[in-house]
Amino acid sequence: MTARGAAEQPAAAAAAERLADDCFALPPGTHWTPVDEALERLQGAVAPITPYETLPIGAADGRRLALPAIARRANPPTANAAVDGYAFAAAALPPADETGAVRVPLAEGRAAAGHPAEGAVPPGAALRILTGASVPEGADTVVLQEDVTLEDGSLQFRPPKKPGANVRRAGEDAAAGDTLLGAGHRLRPQDLARLAVAGVGEVAARQPLRVAVLSTGDELLEPGETPRPDAIYDANRPMLLAALARLGHEAVDLGRAPDEAQAVRTALDTGAGRADAIITTGGASAGDEDHVSRLLREEGRLATWRIAVKPGRPLAMGTWAGVPLFGLPGNPVAAWVCALVFAAPALEVMAGGRWRAPLGYALPAAFEKRKKAGRREFLRARLTPQGTVETFRSEGSGLVGGLSWADGLVELPDEAMSVVPGDPVRFIPWAGFGLA
Ligand code: AMP
Ligand code: MG
C-alpha cells in the first residue's frame with residue numbers, strides 16, 4: 001500500500017498497516033460456516049489499515065478518530081445563567097413575608113453573555129443577569145425575570161426552592177480532560193459541536209479507506225450501452241459504489257472485466273495499486289467461468305467461505321497483491337446482502353472504525369413464512385403504516401426490484417422457524433447496516 005499523506009501524519013501515527021496474506025484462511029475441513037461464526041472469524045482477521053492526519057474539526061465530518069478526543073477545557077467554563085433574570089446568594093436572602101415573597105435591593109450593574117459583572121453581588125441584593133452570563137461572585141442562584149416585580153429599585157419575588165436554580169454548573173457538560181469521543185468513532189455534525197465547546201479544534205482523523213469495485217461477467221453492459229439480446233446491464237457496480245460512499249469510504253470504480261483470466265488479473269492489479277481493499281462481484285464460485293475464485297486460488301490468497309446464508313453463494317475472501325479482497329456473488333440481491341452483512345463491518349474496521357453488529361429491532365410480522373434449519377435467511381422487507389413489517393412478494397434472488405422496494409431486511413435465525421402474522425421478527429433498516 002502506498003503511504004498517503006505521510007507528511008501530515010503526527011510522529012506517533014501508525015503507518016498504513018497491512019493485513020496478513022492469510023488473514024481470511026479457514027481451518028481445514030470447514031464446510032458450511034454459520035453466519036455468526038463467519039462474522040467472528042472476519043472480525044478477528046481485520047484491523048485498521050488507513051493512515052491518519054491532523055484535521056481541523058470543520059474538515060473532519062464523516063472521518064473516524066484515530067486517537068481519542070480529549071476535552072481541553074470545561075463546558076461551561078464558568079457557572080452561567082440559564083435564563084434572563086436576577087442573580088443572588090440563596091443563603092443571604094432576608095426572611096420571606098407571609099406570602100413566601102422576599103424583597104431585596106437591586107444591585108448596580110448587570111451581567112450579560114460575554115460581559116461579566118464588574119464586581120461581586122452584595123449579600124442580600126440581586127443583580128440583573130442575562131442568559132449565558134457568568135454568575136458573578138456573591139451569587140449562586142437566578143430567579144426568572146417573569147417571576148419578579150421591580151418597584152422603586154427593589155425586587156420582590158418568591159425565591160426558587162433550590163439554591164443553584166437556573167444556573168448551569170461549570171463543567172456540567174464536559175470537564176477538562178474528559179474523553180469526549182473514543183478512537184474509532186465516526187464523526188457526525190453533532191460531534192463537531194461537542195468537540196468545539198470543549199476547546200478541541202483539531203482531531204487525529206483516519207484517511208478514508210479506498211475500496212475498489214469490479215464487476216465481472218461477459219454478459220454485462222454499461223449503463224446506456226446499446227443492448228444485446230443475451231446481455232444484461234451491470235446492476236452491482238452503481239449499487240456498491242454508492243453504498244461504499246454512504247459507508248464513508250472512497251469508492252474506486254474498476255469498471256467491468258469479461259470472464260477471461262488476463263482481463264480479471266489486470267483489473268485486480270489496477271485495484272491493488274489504487275485501493276486499500278477490493279470488492280468484486282460475479283465469478284466467485286467454482287464454475288468454469290469463475291475466474292475471480294480461480295485467480296485468487298492460483299495467484300493470490302483465497303479462502304472460499306461457504307457461509308450458511310440465503311441469499312448468498314460462496315463468498316470468496318482473500319488477498320491480491322497483499323490487498324484484501326471480497327469476492328461477492330454476481331447476483332445483485334446476494335451481492336447486496338453479502339456486502340452489508342460481511343463486507344461492511346470488515347471494511348469499517350479496516351477504515352479505523354469499530355466493528356458494528358447491524359442494529360435491528362423486533363416488529364410484528366405482516367407475513368407468513370416457514371424455513372428449515374441450517375441457514376440464516378435475509379428477506380427484503382419494509383415497514384407498513386401499522387408498524388408491522390412486510391416482505392417482498394417473491395424471494396426470487398434475481399428480483400432487483402425487491403431491493404429498491406425494501407426499507408431493510410428481515411433476519412431469520414439459523415434454526416427452523418415458522419412465522420405467522422403478528423409474530424415478532426427482527427427487522428434491520430438500511431441505516432442499521434451503517435448506510436447513511
Ligand atoms: P455469477 O456469480 O457470476 O455466476 O453470476 C450470478 C448471476 O448474477 C448471473 O445470472 C449473472 O448474470 C448475474 N450477475 C453477475 N454480475 C452481475 C451484475 N454486475 N449485475 C447484474 N447481474 C449480475
Ligand atoms: Mg459470472
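Just so you know, ligand 1 is whichever comes first in the structure, and atom 1 is the first atom listed for that ligand. Everything quoted here is computed from the prediction, not taken from an experiment.
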Are Arg128 and Tyr86 in a cation-pi contact, defined as NZ or CZ under 6.0 Å from the six-membered ring centre and within 45° of the axis?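 Judged by the rule, Arg128 and Tyr86 form a cation-pi pair.
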
Would [X] and [Y] pass as an ion pair if we require N to O under 4.0 Å?
X: Asp191; Y: Arg188; answer: yes
X: Arg376; Y: Asp36; answer: yes
X: Arg63; Y: Glu53; answer: yes

Nearest non-hydrogen protein atom, [atom]:
atom: atom 22 (N) of ligand 1; answer: Ile232 CD1, 3.4 Å
atom: atom 18 (C) of ligand 1; answer: Asn236 ND2, 3.3 Å
atom: atom 2 (O) of ligand 1; answer: Arg313 NH2, 2.8 Å
atom: atom 14 (N) of ligand 1; answer: Gly330 O, 3.3 Å
atom: atom 3 (O) of ligand 1; answer: Gly283 N, 3.0 Å
atom: atom 19 (N) of ligand 1; answer: Asp234 OD1, 2.8 Å

Quick check on contacts: which atoms of ligand 1 are under 4.0 angstrom from a heavy atom of Asn331?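 Listed by number with element, the hits are 6 (C), 7 (C), 8 (O).
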
Which ligand 1 atoms are under 4.0 Å away from a heavy-atom of Pro332?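 It comes down to these atoms of ligand 1: 21 (C), 22 (N).
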
For Phe157 and Phe88, take the angle between the two ring planes, folded into 0 to 90°, and tell me which bin it lands in: parallel under 30, tilted 30 to 60, perpendicular over 60.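 Answer is tilted, since the angle falls between 30° and 60°.
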
Atom pair CD1 (Ile279) and CG (Asn236), whose distance is rounded to the nearest 0.5 Å: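 It comes to 10.5 Å.
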
Kindly write out the residues that satisfy ring-ring contact (aromatic ring centres under 6.0 Å, His included) with Trp320, not counting sequence neighbours, or none if the list is empty.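 With sequence neighbours excluded, Trp320 shows a ring-ring contact (aromatic ring centres under 6.0 Å, His included) to no residue whatsoever.
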
Which pairs with one or both residues in residues 345-362 pass salt bridge (Lys or Arg N to Asp or Glu O under 4.0 Å), sequence neighbours excluded?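 Applying salt bridge (Lys or Arg N to Asp or Glu O under 4.0 Å) to every pair that reaches into residues 345-362, excluding sequence neighbours, yields Arg64-Glu348.
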
Taking non-hydrogen atoms only, is Ala235 closer than 4.0 angstrom to ligand 1 via side chain, backbone, both or neither?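 Looking at Ala235 and ligand 1, atoms from backbone and side chain both fall under 4.0 Å.
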
Please work out, at 4.0 Å between heavy atoms, whether the side chain, the backbone, both, or neither of Glu219 comes within that distance of ligand 1.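 Glu219 to ligand 1: side-chain contact only, backbone stays beyond 4.0 Å.
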
Work out whether the distance between some heavy atom of Ser215 and some atom of ligand 1 is less than 4.0 Å.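 Distance cut 4.0 Å: Ser215 passes for ligand 1.
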
